[in-house]
Amino acid sequence: MKYLRAGLFGLFLWIFIFVIISVLMFLPGVKDSDLFQNLILWVLLIPFVMLLAKWYFRKDEPTSKKGLMLGIVAVLVGTLLDMIITVPVFVKSFSVYYSDWTLYIGMLEVLVLTTYAGYEFDATFTVDTDK
């Protein structure tokens, strides 16, 4: 596993989520519904995580295990950045931030998507072309 690259994956993902949530918080018709904001984020995560995973796996052979590890590193990087930036500056309460169930759905989605990316990219990476 390329840990620096995986850390960058987590950083890019955190920045993407931060920007999307920041835009949705002020978007008319969406700003009053946290659940609707999260639904939009969850849908947008699918193509973005897959594109980032494609970028990551250009330099590392894809497998589902590596995909899961990539997801774990991304979640850890995101959690660390949330603890350093998001909670102290914007939320002001760790208990409020980490008691929101939608946060854990997003983390689970990232783990599932990166694991699937490793599996899917492995299927195309190891295609037997000798036939």
Side-chain angles (χ1 to χ4, degrees):
M1 170 160 231
K2 312 280 187 214
Y3 289 103
L4 176 61
R5 199 168 177 83
L8 287 173
F9 176 97
L11 175 66
F12 295 150
L13 182 60
W14 183 84
I15 290 170
F16 172 79
I17 293 169
F18 186 85
V19 168
I20 294 300
I21 290 296
S22 297
V23 168
L24 292 174
M25 286 173 47
F26 297 103
L27 198 63
V30 179
K31 66 181 180 181
D32 298 326
S33 174
D34 289 341
L35 182 59
F36 196 52
Q37 290 174 19
N38 281 299
L39 288 172
I40 292 170
L41 173 67
W42 294 334
V43 169
L44 293 176
L45 273 178
I46 296 168
F48 191 75
V49 168
M50 296 305 278
L51 285 171
L52 268 181
K54 188 81 166 167
W55 168 79
Y56 173 81
F57 284 121
R58 283 186 331 163
K59 301 282 185 181
D60 197 4
E61 183 180 340
T63 65
S64 9
K65 182 178 177 182
K66 287 181 182 177
L68 177 61
M69 290 303 297
L70 177 63
I72 290 170
V73 170
V75 167
L76 290 175
V77 168
T79 301
L80 181 64
L81 289 169
D82 283 341
M83 292 174 77
I84 293 170
I85 298 169
T86 308
V87 176
V89 175
F90 299 104
V91 181
K92 309 285 191 225
S93 170
F94 283 93
S95 61
V96 168
Y97 187 76
Y98 286 105
S99 64
D100 185 6
W101 62 273
T102 59
L103 174 71
Y104 300 102
I105 298 294
M107 289 179 179
L108 181 63
E109 181 182 15
V110 168
L111 290 173
V112 168
L113 287 171
T114 55
T115 303
Y116 177 74
Y119 168 78
E120 180 63 27
F121 299 155
D122 184 36
T124 57
F125 185 79
T126 57
V127 171
D128 185 16
T129 56
D130 292 336
K131 292 182 182 180

Are Met83 and Ile15 connected, step by step, through hydrophobic side chains (Ile, Leu, Val, Met, Phe, Trp, Tyr) whose heavy atoms are closer than 4.5 Å? yes
Check for me whether the distance between the ring centres of Trp55 and Phe12 falls short of 6.0 Å. yes
Residues which pass side chain to side chain contact (heavy atoms under 4.5 Å, CB included) with Tyr116, listed by chain and number, not counting sequence neighbours: Met50, Tyr119, Glu120
Cluster link Phe16 to Ile105, ILVMFWY, side chain under 4.5 Å: yes
Same apolar cluster (I L V M F W Y, side chains within < 4.5 Å links), Leu44/Leu108: no
Flag the pair Val87 / Lys92 as yes when at least one side-chain heavy-atom distance between them is below 4.5 Å, and no otherwise. no
Would Lys2 pass as a cation-pi partner of Tyr56, given that its NZ or CZ must be under 6.0 Å from the six-membered ring centre and within 45 degrees of the axis? no
When you look at CZ of Phe36, are more than 12 heavy atoms from neighbouring residues, nucleotides or ligands closer to it than 6.0 Å? no
Quick check for you: to the nearest 0.5 Å, what is the distance between Ser22 atom OG and Gln37 atom CD? 10.0 Å
Please test Thr86 against Leu81 for side-chain contact (heavy atoms from CB on, under 4.5 Å), starting from the C-alpha separation and ending with a verdict. CA-CA 7 Å; Thr86 308; Leu81 289 169; 6.0 Å; no
Does the side chain of Val49 reach to within under 4.5 Å of the side chain of Thr114, using non-hydrogen atoms? yes
Whether Tyr98 side chain and Leu103 backbone form a donor-acceptor pair below 3.5 Å: no
Would you mind listing every ring-ring contact (aromatic ring centres under 6.0 Å, His included) that reaches into residues 66-93, with sequence neighbours excluded? Phe18-Phe90
Report whether Val30 and Val43 are members of the same hydrophobic cluster (ILVMFWY, side-chain heavy atoms less than 4.5 Å apart, transitive linking). no
Shared hydrophobic cluster, Trp14 / Tyr104 (ILVMFWY, side-chain heavy atoms < 4.5 Å): yes
Distance from Leu70 atom CG to Phe57 atom CZ, nearest 0.5 Å? 5.5 Å
Any side-chain heavy atom of Met107 sitting closer than 4.5 Å to one from Thr79? yes
Verify, without hydrogens or angle tests, whether Glu109 (side chain) and Leu45 (backbone) share a donor-acceptor contact under 3.5 angstrom. no
Rounded to the nearest 0.5 Å, how far apart are CG of Leu11 and CG of Leu80? 10.5 Å
What residues join Leu51 in its hydrophobic cluster, counting side-chain heavy atom gaps under 4.5 Å, either direct or through other members? none
In Å and rounded to the nearest 0.5 Å, what is the CG to CZ distance from Leu13 to Phe48? 6.5 Å
Counting only heavy atoms not in Met1 (residues, nucleotides, ligands), do more than 12 fall under 6.0 Å from its CE? yes
Got a second to check how far Trp42's CH2 is from Ile17's CD1, nearest 0.5 Å? 12.0 Å
How many angstroms lie between CG in Leu27 and OG in Ser33, if you round to the nearest 0.5 Å? 12.0 Å
Would you call Lys66 and Asp60 a salt bridge, taking side-chain N to carboxylate O under 4.0 Å as the test? yes
Report yes if some heavy atom in the side chain of Phe9 is under 4.5 Å from a heavy atom in the side chain of Val77; otherwise report no. no
